Amino acid sequence: MKSIYMDHSATTPVDREVFEAMVPYYTDIYGNSSSVHSQGQKAYRALEESREKVAALLGAKPNEIIFTSGGTEADNQAIITYLAKNPKKGNHIITSAIEHHAVLHTCEFLAQQGFELTVLPVNSYGEVEPDTLRDAIRPNTALVSIMHANNEIGTIEPIKELAAIAHEAGAVFHTDAVQTVGKIPVNVTELGVDLLSASAHKLYGPKGVGCLYVSKGVRIGSFMHGGGHERNLRAGTVNVPGVVGFAQAAEMAMQRLSSREAPLAGLAKRLTDGIFAAIPNTRLTGHPEKRLPGSVSVCFDYVEGESILLMLDNHGIMASSGSACASGSLDPSHVLLAIGLPHEAAHGSLRLTMGKDNTEEDVDYILKVLPPIIKNLRVMSPLGQ
Ligand SMILES: *Cc1c(COP(=O)(O)O)cnc(C)c1O
């Protein structure tokens with residue numbers, strides 16, 4: 001049976017070259033990067049070279065990068081420790097209704113601790129409109145956190161404008177760029193952000209490693225108590241093999257980004273057009289143009305996303321749906337509700353996120369398999385009658 005992976009927004013496979021770059025740091029150069037002896041010094045050099053490579057991908061300086069255990073930790077650390085370290089900046093925080101839970105739940109946690117929280121609405125494309133932020137910002141706003149691109153619907157946010165608005169009001173700006181780093185050019189200076197989170201496993205690197213970019217002059221704190229690793233900002237023995245893998249993945253992403261080819265955009269268009277041509281009562285979710293390359297997200301009326309996923313999986317196609325979440329609840333995702341989809345439509349959501357190894361044949365196979373699946377599910381559904 002065919003096996004087609006189209007869930008790259010959830011995670012990506014580790015690139016063979018990334019894996020090979022990591023192996024020696026498990027087997028030969030296994031020293032603790034804090035140790036004084038030669039083993040430790042070799043690991044330390046690898047760590048610092050990796051920091052340069054990851055910084056280069058983001059247009060940052062190496063000393064502005066802190067390695068973390070992933071995107072979730074970077075989001076938590078950015079938001080929680082910035083507020084803890086800068087109590088005089090105010091106690092109001094702003095985020096958006098479509099953030100990843102690593103940001104949204106962190107902000108909700110802080111609201112329970114006494115911070116004032118504003119959750120900005122988005123328009124029907126999932127964009128945070130700059131005026132919405134302008135109206136919500138206050139003199140006591142300490143931090144604004146808006147994601148660079150959404151993981152479910154692919155919409156890319158106008159970060160540059162949003163960050164400028166935050167800065168005019170004296171607030172610091174954090175962006176969760178886990179979905180964009182490695183997929184589109186991300187430059188911290190151009191975006192004008194103070195804090196940015198990234199994760200290796202979304203760009204063909206290993207799971208369990210990511211980074212937080214902290215602009216020079218922005219004060220954050222350590223999230224855990226322990227040793228003085230990462231300039232006292234991230235205690236714990238550094239995952240050197242993971243970091244080396246992250247750096248290799250970053251280097252390869254840079255090469256892909258500079259090759260100027262946009263094969264994924266073409267594949268996504270082929271898939272989207274094919275779906276709309278073959279399946280009636282379908283809606284595109286997210287912005288039609290300002291979206292992640294390779295991201296196709298749609299909703300089919302009268303069907304259940306979960307059932308589509310199971311039927312697709314029977315045909316070797318791996319995708320995901322915003323209508324089923326990790327908790328196993330059948331509530332549609334907060335993102336689909338935030339863009340104003342009615343519950344019935346949001347239930348039939350399907351997300352196909354392509355990666356560099358997907359082909360035109362993959363797309364054509366999906367276009368052969370998907371329409372009859374939807375048709376059959378609609379025949380069986382009481383909603384489809
Ligand atoms: C995957 C993802 C995260 C979480 O990153 P981890 O490294 O898995 O913790 C955070 N934000 C977004 C937008 C993501 O897609």
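When a residue number appears, it is its place in the shown sequence, counting from 1. Atoms within each ligand, like the ligands themselves, are counted from 1 in listed order. All values derive from a computational prediction rather than experimental measurement.
Interface of M147 with ligand 1, defined as ligand atoms under 4.0 Å from a residue heavy atom, comprises 13 (C). If you number the atoms of ligand 1 from 1 as listed, the ones under 4.0 Å from a heavy atom of H201 come out as 6 (P), 7 (O), 8 (O). Distances below 4.0 Å separate heavy atoms of V178 from the following atoms of ligand 1: 1 (C), 2 (C), 3 (C), 10 (C), 11 (N), 12 (C), 14 (C), 15 (O). Which parts of ligand 1 touch S199 is read off a 4.0 Å heavy-atom cut-off, strictly below it: atoms 6 (P), 7 (O). The distance from ligand 1 to the heavy atoms of G70 drops below 4.0 Å at these ligand atoms: 7 (O).
In this structure, the protein non-hydrogen atom closest to atom 9 (O) of ligand 1 is T72 OG1, 2.6 Å. The nearest protein atom to atom 12 (C) of ligand 1, hydrogens excluded, is given as H100 CD2, 3.3 Å; this is a heavy-atom distance. D176 OD2, 2.6 Å is the protein heavy atom nearest to atom 11 (N) of ligand 1.
Judged by distance alone, the side chain of N86 and the main-chain N or O of Y82 form a donor-acceptor pair under 3.5 Å. Not one N or O on the side chain of T12 forms a donor-acceptor pair closer than 3.5 Å with the backbone of H8.
Checking S333, S9, S321, S320 one by one against E152, the side chain to side chain donor-acceptor pair (under 3.5 Å) holds for a single residue, S333. The side chain to side chain contact (heavy atoms under 4.5 Å, CB included) test with H148 is passed by exactly one of L292, L196, V186, V193: V186.
Taking only nitrogen or oxygen atoms, main chain and side chain alike, Q179 reaches within less than 3.5 Å of ligand 1.
Salt bridge annotation for E48-R45: absent, with no cationic side-chain nitrogen under 4.0 angstrom from a carboxylate oxygen.
Selection from K202, H148, K207 by nearest heavy atom to atom 2 (C) of ligand 1 gives K202. One option in A10, A74, S9, G71 has a heavy atom closer to atom 6 (P) of ligand 1 than any other, and that option is G71.
If you look at N151 next to ligand 1, the close heavy atoms, those under 4.0 Å, all belong to the side chain.
Figure legend: K356 and Y204 shown as a cation-pi pair, the cationic atom lying under 6.0 angstrom from the six-membered ring centre and within 45 degrees of its axis.
For the side chain to side chain donor-acceptor pair (under 3.5 Å) test, residues two or more places apart in sequence or in another chain that qualify with S197 are D75, H174.
Cluster annotation: V188 and V172 are assigned to distinct hydrophobic clusters (Ile/Leu/Val/Met/Phe/Trp/Tyr, side-chain heavy-atom contacts under 4.5 Å, transitive).
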